[in-house]
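A quick write-up on the structure given underneath.
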2 protein chains.
Amino acid sequence: MEQRSAVNIANSLEQLIFDGTFADGDRLDEVRLAEQFGVSRTPLREALQRLESSGLVTLIPRRGAFVRQPGPLELLEMFEVMAELEAVCARLAARRMSDDALDMLRLANARCQAASDAQDADLYYTENERFHATIYRESGNSFLEQESLKLQKRLRPFRRQQLRLRGRMPQSLTEHEVIVEALTAGDSNAAANALRDHVNVQGERFQSLMAGLKTAAS
Amino acid sequence: MEQRSAVNIANSLEQLIFDGTFADGDRLDEVRLAEQFGVSRTPLREALQRLESSGLVTLIPRRGAFVRQPGPLELLEMFEVMAELEAVCARLAARRMSDDALDMLRLANARCQAASDAQDADLYYTENERFHATIYRESGNSFLEQESLKLQKRLRPFRRQQLRLRGRMPQSLTEHEVIVEALTAGDSNAAANALRDHVNVQGERFQSLMAGLKTAAS
DNA sequence: AACTAATATCTTGTATACAAAGTAATTGAC
DNA sequence: GTCAATTACTTTGTATACAAGATATTAGTT
């Protein structure tokens, strides 16, 4: 375990925000949370500061900490950036990737296939993340890798639900194969486009979901 | 002024790290800095936490805070990501940019021209940043805009010195014009490539600078 | 003289205490 | 009865106090 409880608390709070225990706009009471975690206000405040800089919480001076879930517009923007970031990873990876790494990627995709065959959405989700993370890594740029992982993590709660839409897993798999082919051929433009489209599908699905909600609400 | 001194202190420390007052690896003593800023350790620690999450400082548990300047490799990686991020901005802006915004961009470039004519590297630097920031904004994706601005800010101290290399300002200007043309034509691929190359020049210059240092040291 | 072990000192991490700003409630006037 | 103002009560921001881990120093042994 960590030695500084602030990091632990920050991670725990992050999880609680992700899984919806704390909804958007909720105020995070320092004293309540402090006794809930069994610590004093000092480490808890440090945790809140951390969450603020990762964008999960807004700190209003003299007012408190408030959960800040991105709205539909911001989410669309984040999905767009994710798609472009991954396209960049693919573009770089197409030129830099080794044969061994390509084998690893094929293995990751085989695991996705197995999860899809088993109709296991959770497993597919995990293996799919590994597939993508492999491409981040093979961009050969660890700064880019870290940034991609950060955004992937941030979008995780919103991606998760979409995989359960029927027909998405097989479709995702065929898209993966196109990506692997482009990377194998070393065709950076094709790889970038394939990966961008692949990720953009999620953004579009999300968009139509939002549009549906809007229509329903009006 | 801000109400929470932690943010002020964080900004001040950031500046001190940027301008080289604190070098890479320096330990930031909490009590010393606290009395230097005239506050207690509590807000200062919060400032250090902020700096850690923006990557300027490493916090080693029970050991302290250490200035963390990116090494040559990491800087190259960051330059590469900056180039790709800006390329994405250009690609999106090419499709989304309004005529008014194009005029603003031309104006920004005219100011760069004026600074170049006056041989004013500092002014050129400022106007150049505005030119680039305009493209970020015109990507129409404010999340992307913010991320680009963040990285731009982080690379600022390393870019600054390079503009003083002779011949760089005129070259930069002609590159700007290619970018403006591509954006005017709405050619997203051309705009992306032009901006990527434009930023990559700095990365390459930096690389040769590093290589020179390495050779000199051996 | 060099290495190890024990102790002393320093520094970080956490809790508590206090002060100022903000919010809610109660009282008073119209 | 409603609105405003003053007062009481939270809650945040900061300082100080304390505890535990890390570093430095000194003493002892080989």
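Protein chains get the first letters and strands the later ones, always in sequence-line order, with residue 1 at the start of each. From a predicted model like this one, the values you see are computed outputs, not experimental measurements. Both backbone and side-chain heavy atoms feed into the values below; hydrogens, waters and symmetry mates do not.
- Salt-bridge annotation for B/Glu52 and A/Arg50: present, with a side-chain N of the basic residue lying under 4.0 Å from a carboxylate O of the acidic one.
- For the contact set between residues 40-56 of chain B and DNA chain D, defined by any heavy atom under 4.0 Å, the members are B/Ser40, B/Arg41, B/Thr42, B/Pro43.
- In this structure the side chain of B/Leu48 reaches within 4.5 angstrom of the side chain of B/Leu13, judged on heavy atoms.
- For the pair B/Leu92 and B/Glu138, the minimum side-chain heavy-atom distance is 4.5 Å or more.
- Not one side-chain nitrogen or oxygen of B/Arg62 sits closer than 4.0 Å to the OP1 or OP2 atom of D/dT23.
- The nucleotide whose nearest atom lies closest to any side-chain atom of B/Pro61 is, among D/dT14, C/dG13, D/dA22, C/dG13.
- Under a 4.0 Å N-O distance rule, the pair A/Lys150/A/Glu145 does not qualify as a salt bridge.
- Annotation: side chain of B/Glu30 is in contact with side chain of B/Arg45 (closest heavy-atom distance under 4.5 Å).
- If you take CG of A/Leu59 and P of D/dG13, they are 7 Å apart, rounded to a whole angstrom.
- A salt bridge between B/Arg41 and B/Glu46 is absent, with no side-chain N of the basic residue lying under 4.0 Å from a carboxylate O of the acidic one.
- For B/Glu129 and B/Arg156, the salt-bridge test passes: some basic side-chain N is under 4.0 Å from an acidic carboxylate O.
- Contacts of residues 21-37 of chain A with DNA chain C (heavy atom under 4.0 Å): none.
- The ring pair (Phe, Tyr, Trp, His ring centres under 6.0 Å) test applied to B/Phe22 returns no partner, not counting sequence neighbours.
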